[in-house]
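Please read these numbers as outputs of a predicted model, since none were measured by experiment. Reminder, nothing fancy here: chain letters follow the sequence lines and each chain counts from 1. Hydrogens, waters and symmetry mates are skipped; everything else that's a heavy atom, side chains included, is used.
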There are 2 protein chains.
Amino acid sequence: MRTEKVTSVDVAMRAGVSQSAVSRVFTPGASVSPKMAEKVLKAAQELGYRPNVLARSLITGRSRIIGLVVAYLENQFYPDALERLSTALQAHGYHILVFMVSNDDAGVDRVMGELLDYQVDGIITASVGMSNALAARCAAAGVPVVLFNRGQDDHRLNQVTSNNLEGGRKIAEFLAAGGHHRIAHIAGWSGSSTGRDREAGFRAGLEAAGVGLATCIDGMYNRETAAAAAREIFAGDDRPDAVFVGNDHMAFAVMDVLRFELNLDIPGDVSVVGYDDVPLASWPAYNLTTLRQPSNRMVEATVSTLLGWIEEGSSDVQKIQIDGPLMVRGSARIPEGWLDERL
Amino acid sequence: MRTEKVTSVDVAMRAGVSQSAVSRVFTPGASVSPKMAEKVLKAAQELGYRPNVLARSLITGRSRIIGLVVAYLENQFYPDALERLSTALQAHGYHILVFMVSNDDAGVDRVMGELLDYQVDGIITASVGMSNALAARCAAAGVPVVLFNRGQDDHRLNQVTSNNLEGGRKIAEFLAAGGHHRIAHIAGWSGSSTGRDREAGFRAGLEAAGVGLATCIDGMYNRETAAAAAREIFAGDDRPDAVFVGNDHMAFAVMDVLRFELNLDIPGDVSVVGYDDVPLASWPAYNLTTLRQPSNRMVEATVSTLLGWIEEGSSDVQKIQIDGPLMVRGSARIPEGWLDERL
DNA sequence: GATCTTTCTGCATACGTATGCAAATTGAAT
DNA sequence: ATTCAATTTGCATACGTATGCAGAAAGATC
């Protein structure tokens, strides 16, 4: 069953030329005469030859592999991003090697070793942080890193996020304008920059509008935790009339609790706002008002940053924040005249 | 910024031994004395040496890379499977290289070339078919293939699916027992074995129960197409009282149309049954009755088949079908006594 | 046609590792 | 201590490709 591979040497013999000639024909921009190219391509065709990427990488030092580190794909935002990233990189001749990881330092640490073993040309972490020691190791290995949807202070790490502060602020403004009085927040994981920034922006926005924040619980970006938080917050008599949930994935769980366990009407009794605008948010069953993270533009920025470092040897660290619009739908009361103003 | 890599030669020099000794220390099962191992590991530690997987692959002929071909990650079933596959393979020291592809022959064809260029040890296609020419090419290259959630006649291709025929039959039985009279089917893509088998099983089951199939439209595994089909089927006066939708992903779209466009009650006016049991199906907003594809067991079967071929040189082609239970929830009328019988 | 440039080709070597073989070391057995 | 077997080690080479260098071929110029 094991099959003899056809190599550049085989092609060279068949075409009656040297191995280097074959190599050059398959190396864009190398110096080859038209008739040499023709001979070689013909022979290659006949033998079914294709260059061995791995062998090539050994000498060029380029593997055309990008390592993607990701903690979980349950939140629809990430498969969506993965699909876009993969497609975009594929168009540039790169491919994604996937590393699933538990989102703690030990897990990331272990995986990062394997990652470097594969001689990846670059690393994207999706919603995963990185110890400074690791950042240093990647830098030492000459492998550029882009944190996707996660911020971090380290001066070696590129990062692409939405403008979470501003996003939180917009949502506060929207809810305040809607005349809500008791506003709650089920926050994103406080161990993540996204969670912290959205909360900070939200708090700042409320303060600016002169409205207080009634309650705030960390939802850990987890469905169960968020559901439990919702039960707790909405148990008492003077329940909130609005809640901003740190991402859509949790917001769906919260809406399920409010509607099906507590029999509350959305948005009649409570307004719910999420963050991300995953596809599901726009499906009628949820119809969730949410702040869009423009994943297409985030992916674009991620890819161009990464390729800039890899192919053009760039070395200025990018900290890119991308603004997204509030997608006003039916899960939250819409302030008088709000939609008109924005047309 | 480019950094000199530390190689086995560097370690050898530092430890005062030969390069081959270093190699052996890092090759499980090789013959090395304890004190040699100690010396080498110490030097390796100090220099931060780790073996280069790519260079290793050049000589062993094993890349420890599995190519995953996938058409789209919108249907939650696939990110879920991807996560499980990646985790399982990681535990065996393999990693997944992702290839996104449009689900037509040309797309698959193009991508399969790139795939082989990377010298992958095996290929998994998720819900993607493969021309016989391609199957032949992979066989010729000695690369085993497992079709995940897709059947195909080719005798060289392993495949792991749920028992789609039986699943379709179970659903028919359930709907018939529920006393439905006008039963419709929005089928999975007829270009796929899963779509065809589920439909065939469903038809057979209905026939066995003496109930006719009112309408059947191909939903192409696509939300929009399925929604359009629902509008068409449920437009007239004598609308169906039940519909089996070829997968959950489409079923959600159908439920949205029924509820929010046509103001029908589920399951009061119409029963809806899906296929897959993705996580979303159990969320209260949909609470979808559906046939579970046990993705954990499907992944297990896929991984063990693949590793059997790769590591033990197995060569019997597996066509594995895994039975799944019907998850009875609230989207379809439950036949009298049905739940009791099954306890 | 002779000379000078330019373009093309082959030779040799390098990338980082694994492994067959023979030499060297160790240990056991006498 | 001597012999023999078993274990460990180093040497040399191979994997499949890219590339600097020098020589060959092909054009360009007069």
Side-chain angles (χ1 to χ4, degrees), chain A residues 2-41 43-44 47-65 93 116-121 141-142, chain B residues 2-41 43-44 47-65 93 116-121 141-142:
Chain A
R2 228 352 99 194
T3 290
E4 29 344 316
K5 314 262 178 195
V6 24
T7 76
S8 57
V9 176
D10 302 329
V11 177
M13 293 195 55
R14 170 140 198 157
V17 302
S18 73
Q19 179 271 328
S20 20
V22 177
S23 170
R24 275 187 261 265
V25 169
F26 285 92
T27 305
S31 163
V32 197
S33 71
K35 69 173 191 299
M36 165 69 80
E38 192 197 359
K39 265 194 302 188
V40 168
L41 287 174
L47 296 176
Y49 168 77
R50 305 204 46 165
N52 179 330
V53 176
L54 267 34
R56 174 179 283 177
S57 84
L58 191 54
I59 190 159
T60 60
R62 291 281 162 78
S63 61
R64 307 202 79 84
I65 296 177
L116 296 176
D117 294 349
Y118 277 95
Q119 314 296 116
V120 295
D121 289 342
Chain B
R2 228 352 99 191
T3 289
E4 44 320 333
K5 314 262 179 195
V6 22
T7 76
S8 58
V9 176
D10 302 329
V11 177
M13 294 195 55
R14 170 140 199 160
V17 301
S18 74
Q19 180 269 329
S20 20
V22 177
S23 169
R24 275 188 261 263
V25 170
F26 285 91
T27 304
S31 163
V32 197
S33 72
K35 68 174 192 297
M36 165 69 80
E38 192 196 0
K39 264 194 303 189
V40 168
L41 287 174
L47 295 176
Y49 168 77
R50 305 203 48 165
N52 179 331
V53 177
L54 267 35
R56 175 179 282 176
S57 84
L58 190 54
I59 189 158
T60 61
R62 291 282 162 77
S63 61
R64 307 203 78 84
I65 297 177
L116 296 177
D117 295 349
Y118 276 95
Q119 315 295 116
V120 295
D121 288 342

Can you tell me how far C1' of C:dT19 sits from CZ of B:Arg24, to the nearest Å? 7 Å
Rounded to whole angstroms, how far apart are CZ on A:Arg56 and C1' on D:dG16? 11 Å
With a 4.0 Å cutoff (strictly under), does any side-chain N or O of B:Ser31 reach OP1 or OP2 of D:dT8? yes
Heavy atoms of B:Lys5 and B:Asp10 approach each other most closely as O-OD2, 3.7 Å
What does A:Val17 touch in the nucleic acid at a heavy-atom separation under 4.0 angstrom: a base, only the sugar-phosphate, or nothing? sugar-phosphate
What verdict does the side-chain contact (heavy atoms from CB on, under 4.5 Å) test give for B:Gln119 and A:Val53, after you've listed the backbone C-alpha separation in whole Å, the side-chain angles of each residue and the deciding distance to 0.1 Å? CA-CA 8 Å; B:Gln119 315 295 116; A:Val53 176; over 6 Å; no
Considering all heavy atoms, the nearest A:Thr7-A:Tyr49 contact: C-CE1, 3.5 Å
Nearest-0.5 Å distance that lies between atom CZ in B:Arg62 and atom CG in B:Leu58: 14.5 Å
Gap between atoms CG and P, on B:Leu58 and D:dA14 respectively (whole Å): 14 Å
Using a cut-off of 4.0 Å on non-hydrogen atoms, how would the nucleic acid contact of A:Ser23 be classed: base, sugar-phosphate, or nothing? base
Can you tell me if B:Tyr49 touches the phosphate of C:dT17, counting only side-chain N or O atoms and a distance under 4.0 Å to OP1 or OP2? yes
For the side chain of A:Ala55, counting heavy atoms from C-beta on, which of D:dC11, D:dT17, C:dG10 is nearest? D:dT17
Whole-Å distance separating the CG atom of A:Asp10 from the P atom of D:dC15: 11 Å
To the nearest Å, give me how far apart CD1 (B:Ile59) and C1' (D:dC15) are. 5 Å
Between D:dG16, C:dT9, C:dA18, which one does the side chain of B:Thr27 approach most closely? C:dA18
Which of D:dA14, D:dT17, C:dG10 is nearest the side chain of A:Met36? It is C:dG10
Within this structure, what is the CG-CZ distance for the pair A:Asn52 and A:Phe26, rounded to the nearest 0.5 Å? 12.5 Å
Taking atom types as they are modelled, would you say the side chain of A:Ser20 forms a donor-acceptor pair with the base of C:dC11 within the 3.5 Å cutoff? yes
Can you check the A:Leu47 CG to D:dG16 C1' distance for me, whole Å? 15 Å
Over how many whole Å does the gap from A:Arg62 atom CZ to D:dG16 atom P extend? 24 Å
A:Gln19 has an atom CD; how far is it from atom P of C:dT13, in whole Å? 14 Å
Both A:Thr7 and B:Val32 contact DNA chain D. Which one's nearest nucleotide lies toward the 5' end? B:Val32
Does C:dC8 have OP1 or OP2 sitting under 4.0 Å from an N or O in the side chain of A:Ser33? no
